Amino acid sequence: MQMQIGKLIFTVAAILAGLWLTRVEPKYIAYNTTSGIVPDIINVHLVPHSHDDVGWLKTVDQYFVGANNSIRGACVQNVLDSVIAALLDDKNRKFIYVEMAFFQRWWRQQSETLKTKVKELVNSGQLEFINGGMCMHDEATTHYIDLIDQTTLGHRFIESEFGQKPRVGWQIDPFGHSAVQAYLLGAELGFDSLYFARIDYQDRAKRKDEKALEVIWRGSRSLSSSSQIFTGIFPIHYDPPDGFTFEINDVSPPIQDDDMLFDYNVEERVNDFVAAALLQANVTRTNHIMWTMGTDFRYQYAASWFRQMDKFIHYVNMDGRVNALYSTPSIYTDAKHAANEQWPLKTGDFFPYADRENAYWTGYFTSRPALKRYVREMSGYFLAARQLEFFKGRNSSGPSTDALADALAIAQHHDAVSGTERQHVASDYALRLSIGYKEAEKVVASSLALLTGLRLNMTYEDSIPEFQQCPLLNISYCPPSEANLTDEKSLIIIAYNALGWKRKEVIRIPVSSESLIVLDSAGKEIESQLLPLSNASLRTRTYHVKAHLRRSASSLARYWLAFSVTVPPLGFSTYVVSSAKKTESSSIISTQFTPEENINNTFEVGQGNLKLLYTVDEGKLTRYINKRNSIAAYAEQSYSYYSGYNGTDRVFQASGAYVFRPNATFPIKPEGKVPLTVLSGPILDEVHHQPNTWLHQVTRVYKEKEHAEVEFTIGPIPVDDGFGKEITAQIITSLSTNKTFYTDSNGRDFIKRIRDHRSDWDLEIHQPIAGNYYPINLGIYLEDESMEVSVLVDRAVGGSSLVDGQIELMLHRRLLNDDARGVGEALNEEACVLDNCKGLTIQGKLFMRIDPRGEGAKWRRTFGQEVYSPLLLAFSEEEINKWMGSHITMFSGIDPSYTLPNNIAVITLQELVGGKVLLRLAHLYEVGEDKDYSVLTSVELKKLFPDKKIIKVTEMNLSANQERRKVEKKRLDWKVEGIPEELTVVKGGVVDPVKLVVELAPMEIRTFVIEFDYLKTFAS
Ligand SMILES: [Zn+2]
């Protein structure tokens, strides 16, 4: 009825307009854009937006200034300039802005006058910041600590410049969506809702049928309904309905409402609008639908969009069948909430993502493995460097960790660490990281100089770093440790531990001498072992030192020197390596041998509880034995590769940067017999294995550890046969796992996966391999009645369990075709020495362990944190007695009698500008994960800051832009359909201002801003 009346009014209006035009001259039409929400009618929320990638086909700066436009005509400055002008033209117009990396670049160039106007636009709600991190981060290949950091950086900028707190998550483009995004980077930020576009095409079809595109998402089993979020999935994509895109060169017909001109089309266009609205309303609950009015790098000429939207709002509302309004996702969310509807419940996540048959976006879980490792390594370093910056005291001038913070933030973008950017853009992210690292390295060096008592007064004028660090240690290159030692000159090694608990582990450094002794912090000699550098390692070193430093390695390392170090929580220990005198004992050189035939055809490695058994003839791992807990399991490890599908378009879908589409699988086996080489000694055993010229593996078994460390070197992947290849590692056991395996979400919660199955719909299988791949950031595990097999990783990789009892991880990819998703380049990475380029070689580690069932979590969580936060090593040279006599050799930033419980990590300890301190504590276990550690745990703040007087502790939301209690107070209540299982959620209580004890429940992260009554350094 409503519609018929509306149509009548429109027809009358159109006739009147026509009559009127015949009588008078055409004149200015004042479009009525004032509409708000109208009850009992379909409301079309027009949300003007621009999706601005923080690097993809061009670098972030090229996109900002509009450089390199031959690749893509995109200039974010134009977007912001023209949007602001368009908003000032009409106070009913609205716009959302998302990526703070771009907004900051623009903001600092504006005049005070314009800044004042923009602040008014923000205060009035015309311009709204949503999402509000530095970038729209990827959700598959990112670590939760990086996600928190990058969001905090953006949110605190918005808070300090505008006093605003973003309310909405806007992850419209990332290629699948994680559980951690929903609860941690959503609800725990204080967001009221989350919106995005990309989910599996089969899932989308079913949700449209059931009007289930909008859901209440509970991402965490542990935090359940206490961290749920209203989530809206767009019915098609994040651009407007067909026919409603209005950038200058877009082809949608504009509304032509001037009768003096040809092609008057108001009625036709209004009909199109109403039809598109009704179509969407048919798949959406409530009277509210959202149109995302924009897409990639649009609004470079904003008037073009706003002119059309003004007219549509004016004429559509005159017509009256539906109501159109300028809106934002916040207004839309409030309208959804006010409707008092019940919503379907969503748990788990939205991985993997396929946009059609044979197109699973699971390749990017591994794409650009070296960049992925670099990002992860820098992330761990950044965490430690901020602690050391805090201990030293932040300087208003001089080096800081800020550049590294920025570089890391940008690297979380969904075309950065994801590996889906062009090569020159990947190089740009790496360059930014290295610049940030260089500066943070100075902060670390000067902090260690201060903490060791090397200098009492720290000024930057004399900041030549006394402490060198070795970022190329992974390719056995470390000039200070390789230097020749003399009686007058020993090597001083500081090992810094960023974790809140004491740790003991083996470190390895390259050395050139074979008669060395190692002393601990007390000057006592400790056991050490020399392992000759393999030829494969030396080749890697020689080539990559040239490739990265553009010069030859200046020293000649011959051995790895390995010894065990013990380091206090948030502190360091000192170790000294000296040249051994003839009379002294010295490092033990490993025995090196090739296993020989024997009756059992087996040999064993391992000096402690863990033993690995190999066959002599094939050199194959066969058994994993732990003498402590009587585990004796069949275990094999192998490599294979997929040859990539060589398609040319979306129908003949190729394997590429985004999509994994295997053509065939091939085992990687040595041609003929390739014997293993074993190095054995008191600290560790190594098994070297080289199945072919481009694959080399070292398996390490440490005497005092119960896991095996597998270091792989892969590349250059040969492609001269015309096929791209994707290299995988398999761990094969005899566990009966019934199609079930577990993978982490952004390094945090583990999610149960069932092969060939989705919990939300009946899966139609087209790609039995690619469609079972999931992103892995921390690890993957399997379990049966008696055992658990866990594998932890050192960077983001894709992985699966394609056969019961087996784990598969994709480690490297080199492909020859573009996969037709926009990047327009084949993923064919190279490393070059001058103009001589070869396919990229990567090196990395997997960590593997088998436990009795129910005992694996302890290792996955505790050791997993150690993988993320490796010991930070710094080197100096000095006469040994001089150093030991005049320096602090052991330090802990916390009370010496205290240690954090093993289920708690300090994930942020950072001095903010102005002297306050940002502290984040994370419980590392989920509910029910471990009988000892999945419990409410407390941390004593007074013991974390023993030398300081805490005067105020304010609990904040996750991104530290508002107080937690305020967030909880304004949290929207949503109704869930049916009777969902309601777990009792435990959370830590309010912190008593006198006792200052923080409680953390399983999976809880708590964020505090702490004020001290003075800030003095520990050393003073
Ligand atoms: Zn994008």
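It should be emphasised that the depicted structure is a prediction, and the values quoted were computed from it without experimental measurement.
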Side chain to side chain donor-acceptor pair (under 3.5 Å) with Gln387: which residues, sequence neighbours excluded? Tyr496

Measure the shortest side-chain to side-chain distance between Thr574 and Ile493 over non-hydrogen atoms and say whether it is less than 4.5 angstrom. no

Verdict with reasoning, Thr452 to Phe467, per side chain to side chain contact (heavy atoms under 4.5 Å, CB included): CA-CA 11 Å; Thr452 53; Phe467 287 102; 3.9 Å; yes

Can you sort out the partners of Asp334 under side-chain contact (heavy atoms from CB on, under 4.5 Å), two or more places apart, ordered by chain and number? Arg167, Leu972

Can you give me the closest heavy-atom contact between Ala922 and Ile1005, atom names plus distance? CB-CG1, 3.8 Å

Show your working on side-chain hydrogen bond (donor to acceptor under 3.5 Å, both in side chains) between Ser222 and Glu926 and close with a plain yes or no. CA-CA 6 Å; Ser222 302; Glu926 293 177 67; 4.6 Å; no

How many angstroms lie between CZ in Arg386 and CD1 in Ile907, if you round to the nearest 0.5 Å? 9.0 Å

Going by heavy atoms in the side chains, are Phe875 and Ile492 under 4.5 Å from each other? no

Side-chain heavy-atom pair Thr566, Tyr575 within 4.5 angstrom cut-off: yes

Ion pair check, Arg503 and Glu505, cut-off under 4.0 Å: yes

Between Arg795 and Asn777, do the side chains contain an N or O donor and an N or O acceptor separated by less than 3.5 Å? no

With side-chain hydrogen bond (donor to acceptor under 3.5 Å, both in side chains) as the test, would you mind laying out the steps for Ser521 and Thr889 before giving the verdict? CA-CA 5 Å; Ser521 296; Thr889 57; 4.7 Å; no

Can you tell whether the side chains of Asp1013 and Lys949 come within less than 4.0 Å, N to carboxylate O? no

Test item: side-chain donor near acceptor, Asp349 and Ser178, under 3.5 Å: no

Any carboxylate oxygen within less than 4.0 angstrom of a Lys/Arg side-chain nitrogen, looking at Lys942 and Asp895? no

Checking salt bridge (charged side-chain N to carboxylate O under 4.0 Å, His left out) between Glu968 and each of Arg971, Lys966, Arg965, which is the one that passes? Arg971

Hey, can you tell me if Phe750 and Tyr781 have their rings parallel, tilted or perpendicular (30° and 60° cut-offs)? perpendicular

Give the intermediate values and the outcome of side chain to side chain contact (heavy atoms under 4.5 Å, CB included) for residues Val375 and Leu408. CA-CA 7 Å; Val375 170; Leu408 267 169; 4.2 Å; yes

Is a side-chain donor-acceptor pair under 3.5 Å present for Glu139 with His177? yes

Got a salt bridge between Arg849 and Glu788, using NZ or NE/NH1/NH2 to carboxylate O under 4.0 Å? no

Straight-line distance of Arg920 CZ to Ile148 CD1, nearest 0.5 Å: 5.5 Å

Contact between Leu919 and Gln910 at the side-chain level, heavy atoms closer than 4.5 Å - yes or no? no

Is Lys916 close to Ile1010 at the side-chain level, that is, under 4.5 Å between some pair of heavy atoms? no

With a 6.0 Å cut-off on ring centres, are Tyr381 and Tyr437 close enough? yes

Is the centre of the His337 ring less than 6.0 Å from the centre of the Phe230 ring? no

For residues Leu448 and Leu388, determine if any side-chain heavy atom of one lies less than 4.5 Å from a side-chain heavy atom of the other. yes

Side chains of Tyr868 and Ser379: any donor to acceptor distance under 3.5 Å? yes

Stepwise, does the salt bridge (Lys or Arg N to Asp or Glu O under 4.0 Å) test hold for Arg394 with Asp402? CA-CA 11 Å; Arg394 211 185 141 94; Asp402 297 351; 2.6 Å; yes

Checking side chain to side chain contact (heavy atoms under 4.5 Å, CB included) for the pair Glu128/Val122: CA distance, chi angles, key distance, verdict? CA-CA 6 Å; Glu128 183 177 334; Val122 172; over 6 Å; no

Hits for side chain to side chain donor-acceptor pair (under 3.5 Å) against Glu161, two or more places apart or cross-chain, chain-then-number order -> Trp107

Met134 and Glu99: side chain to side chain contact (heavy atoms under 4.5 Å, CB included), yes or no, with the steps? CA-CA 5 Å; Met134 297 299 281; Glu99 296 86 4; over 6 Å; no

Looking at every non-hydrogen atom in both residues, tell me the closest pair between Leu1000 and Leu921 and how far apart they are. CD2-O, 3.4 Å

If you measure from CZ on Arg861 to CG on Leu792, what distance do you get to the nearest 0.5 Å? 10.0 Å

Contacts of Gln865 meeting side chain to side chain donor-acceptor pair (under 3.5 Å) (sequence neighbours excluded), chain-then-number -> none

Report yes or no: do Gln181 and His137 form a side-chain donor-acceptor pair below 3.5 Å? yes

Test side-chain hydrogen bond (donor to acceptor under 3.5 Å, both in side chains) on Ser397 and Asn395 and set out the steps. CA-CA 5 Å; Ser397 61; Asn395 284 51; 5.5 Å; no

Exceeds 12 heavy-atom contacts within 6.0 angstrom, atom NZ of Lys970: yes

Walk me through whether Thr141 and Asp138 qualify under side-chain hydrogen bond (donor to acceptor under 3.5 Å, both in side chains). CA-CA 7 Å; Thr141 64; Asp138 178 53; 2.6 Å; yes

Sorted by chain and number, sequence neighbours left out, side-chain contact (heavy atoms from CB on, under 4.5 Å) with Asn957 holds for Ser959, Asn961, Gln962, Val967

Report yes or no: do Thr142 and Gln412 form a side-chain donor-acceptor pair below 3.5 Å? no

Minimum heavy-atom separation for Ser892 to Pro568, with atom names? CB-CB, 4.0 Å

One should read off an interatomic distance between Arg218 CZ and Gln228 CD, to the nearest 0.5 angstrom, of 4.5 Å

Applying side chain to side chain donor-acceptor pair (under 3.5 Å), name anything that partners Thr937, two or more places apart in sequence or on another chain. Asn903

Would you say that Val991 contacts Phe1008 through its side chain, given a criterion of any heavy-atom pair below 4.5 Å between the two side chains? yes

Please report the C-alpha distance between Glu188 and Lys987 in whole Å, then the side-chain angles of each, then the deciding distance to 0.1 Å, and finally whether the salt bridge (Lys or Arg N to Asp or Glu O under 4.0 Å) criterion is met. CA-CA 13 Å; Glu188 295 294 310; Lys987 284 196 170 178; 3.5 Å; yes

Determine the interplanar angle of the Phe847 and Phe863 rings, folded into 0 to 90°, and report it as parallel if under 30°, tilted if 30 to 60°, perpendicular if over 60°. perpendicular

What is the distance from atom OG1 of Thr862 to atom OH of Tyr933, rounded to the nearest 0.5 Å? 5.5 Å

Tell me if the centroids of the rings in His887 and Phe572 come within less than 6.0 Å of each other. no

Atom CD of Glu866 and atom NZ of Lys504: how far apart are they, to the nearest 0.5 Å? 13.0 Å

